[in-house]
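Since the model is a prediction, treat every value here as computed from it, not as a measurement. One-based numbering, in listed order, for ligands and for the atoms of each.
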Amino acid sequence: MSLEERIQLVNQKIEAACQRSGRQREDVNVIAVTKYVSLETTGAVLNHGLEHIGENRWQDAQAKWEAFGQQGTWHFIGHLQTNKVKDVIGKFRYIHSLERLSLAKELDKKAASLGIEVETLLQVNISGEESKYGLQPEQASSFLREISSFNNLKVIGLMTMAPHEEDPELTRPVFRGLREVRDHLNGQALTAEPLAELSMGMSNDFEVAIEEGATWVRLGSILVGKEEGSQWA
Ligand SMILES: *Cc1c(COP(=O)(O)O)cnc(C)c1O
């Protein structure tokens with residue numbers, strides 16, 4: 001399948017999921033995850049009008065960002081080591097993987113030194129798998145309180161990853177759970193503005209995630225493909 005055909009196919013699936021769940025198509029945004037593909041393919045993705053690019057490791061993203069950083073909007077979606085903050089700050093508009101205080105401190109400090117505000121999502125481990133990063137759901141409100149004085153860091157939503165399931169329907173409780181955590185946090189009014197974003201859903205399960213309220217889906221293999229020899233293929 002060509003890139004164009006994959007984009008069309010994904011769009012149809014997103015529209016159908018929106019219709020099933022009574023959502024507006026424009027409330028669901030797509031992040032094209034380019035970690036499995038080359039620099040050239042990343043350029044093609046941008047040229048096809050996909051604006052949001054997601055990468056999960058700076059080492060893999062660097063060459064792509066240097067080539068195309070001024071085109072599109074970049075999302076850091078992977079686990080972020082504190083000593084890598086200096087590399088990604090100011091380049092990736094959104095950090096989807098904030099899950100510990102030391103990282104929040106470093107993001108705030110480096111953003112302050114650039115005179116910018118960094119937009120983040122709290123990664124929450126809804127499934128409870130030990131292999132997954134993220135705050136426990138019950139830690140989220142105290143974490144938000146702890147970072148509320150960080151003036152250069154803004155939390156705009158939550159992110160989670162579901163376990164890989166053959167039957168994507170089995171991921172529904174994870175996505176519903178993230179939405180419930182967000183609604184619960186918004187009920188406590190811990191942030192100046194309500195948390196709007198839910199970053200959830202990947203190639204295997206994005207339709208279920210949309211039905212459960214995803215505002216960002218992070219799509220790699222189904223949308224941009226996987227290429228031989230890439231780091232994660
Ligand atoms: C790789 C990755 C994705 C995309 O994976 P696909 O299953 O290929 O869509 C989404 N989110 C994160 C955090 C990733 O690391």
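- Using cut-offs of 30° and 60° for the angle between ring planes, the His52 and Trp216 rings count as perpendicular.
- Other members of the cluster containing Met1 are Leu9, with ILVMFWY side chains joined at under 4.5 Å, either directly or via other members.
- Residues forming a ring pair (Phe, Tyr, Trp, His ring centres under 6.0 Å) with His79 (at least two apart in sequence, or on another chain): Tyr133.
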Side chain to side chain donor-acceptor pair (under 3.5 Å) between Ser203 and Arg218, intermediate numbers included: CA-CA 8 Å; Ser203 291; Arg218 308 179 307 266; over 6 Å; no

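- If you check the side chains of Gln123 and Thr160, you find no donor sitting under 3.5 Å from an acceptor.
- Take Glu55 and apply the side-chain hydrogen bond (donor to acceptor under 3.5 Å, both in side chains) test, not counting sequence neighbours, and it matches Thr34, Lys64.
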Tabulation required: pairs of a nitrogen or oxygen in ligand 1 and a protein nitrogen or oxygen under 3.5 Å; columns are atom names and distance to 0.1 Å; otherwise 'none'.
unit_1	atom_1	unit_2	atom_2	d
ligand 1	8 (O)	Ser221	N	2.8
ligand 1	8 (O)	Ser221	OG	2.8
ligand 1	9 (O)	Ser203	N	3.0
ligand 1	9 (O)	Ser203	OG	2.5
ligand 1	9 (O)	Gly220	N	2.8
ligand 1	11 (N)	Arg218	NE	2.9
ligand 1	15 (O)	Lys35	NZ	2.6

